[in-house]
Amino acid sequence: MYRDVMRLSRWINKQQDSQRQIARRLGISQPYLSMLCAHKRRPSLQVLERIEELTEGEVTLRDFLV
């Protein structure tokens with residue numbers, strides 16, 4: 001079954017926090033978060049776990065494999 005994946009950048013756009021604030025909450029730099037949003041980098045397992053936790057499962061490993 002196809003699942004509509006939620007991209008990190010779309011999730012961030014729905015938030016009231018800036019990309020800088022979200023990066024801080026994830027414990028990463030804003031430029032690194034920007035690269036993740038653009039799929040220019042893949043997060044480490046630790047960062048991915050924090051992303052899944054912060055987004056309450058709306059952004060998952062699957063989003064970075066597509």
Side-chain angles (χ1 to χ4, degrees):
M1 179 168 86
Y2 176 75
R3 174 175 141 351
D4 181 30
V5 293
M6 179 67 160
R7 302 271 184 217
L8 183 58
S9 57
R10 285 193 303 182
W11 182 87
I12 290 170
N13 288 336
K14 292 187 336 186
Q15 306 309 303
Q16 293 184 355
D17 293 339
S18 68
Q19 199 175 72
R20 177 177 283 155
Q21 290 167 316
I22 291 171
R24 192 175 303 130
R25 290 170 61 193
L26 290 170
I28 61 177
S29 70
Q30 186 279 322
Y32 179 58
L33 179 58
S34 181
M35 286 188 276
L36 293 176
C37 289
H39 289 264
K40 292 182 179 180
R41 296 279 309 265
R42 289 198 179 169
S44 67
L45 187 54
Q46 276 186 323
V47 171
L48 180 58
E49 288 172 345
R50 292 193 299 256
I51 290 171
E52 284 193 60
E53 184 178 323
L54 179 66
T55 65
E56 297 179 346
E58 288 188 57
V59 181
T60 67
L61 170 64
R62 176 178 260 173
D63 295 300
F64 292 93
L65 297 177
V66 174

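- A search for side chain to side chain donor-acceptor pair (under 3.5 Å) contacts involving Ser18 returns Gln21, not counting sequence neighbours.
- The distance from atom CZ of Arg25 to atom CD of Glu53, rounded to the nearest 0.5 Å, is 10.5 Å.
- Considering OG1 of Thr55 and NZ of Lys14, their distance stands at 9.5 Å, rounded to 0.5 Å.
- For Arg50, the side chain to side chain contact (heavy atoms under 4.5 Å, CB included) partners two or more places apart in sequence, or in a different chain, are Leu26, Ile28, Gln46, Val47.
- With sequence neighbours left out, the side chain to side chain donor-acceptor pair (under 3.5 Å) criterion links Arg41 to no other residue.
- Pro43 approaches Phe64 most closely through the heavy-atom pair CD-CD2, 3.5 Å.
- A donor-acceptor pair under 3.5 Å is absent between the side-chain atoms of Arg7 and the main chain of Cys37, judged by distance alone.
- From Leu48, atom CG reaches atom CZ of Arg42 across 11.0 Å, with rounding to the nearest 0.5 Å.
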- Leu8/Asp63 under side chain to side chain contact (heavy atoms under 4.5 Å, CB included): CA gap, chis, key distance, verdict: CA-CA 8 Å; Leu8 183 58; Asp63 295 300; over 6 Å; no
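- Atom OG of Ser29 is separated from atom CD of Gln19 by 9.5 Å, given to the nearest 0.5 angstrom.
- Note that CD of Gln30 is 6.5 Å distant from CZ of Arg20, once rounded to the nearest 0.5 Å.
- Between Trp11 and Ile51, every side-chain heavy-atom pair lies at or beyond the 4.5 Å cut-off.
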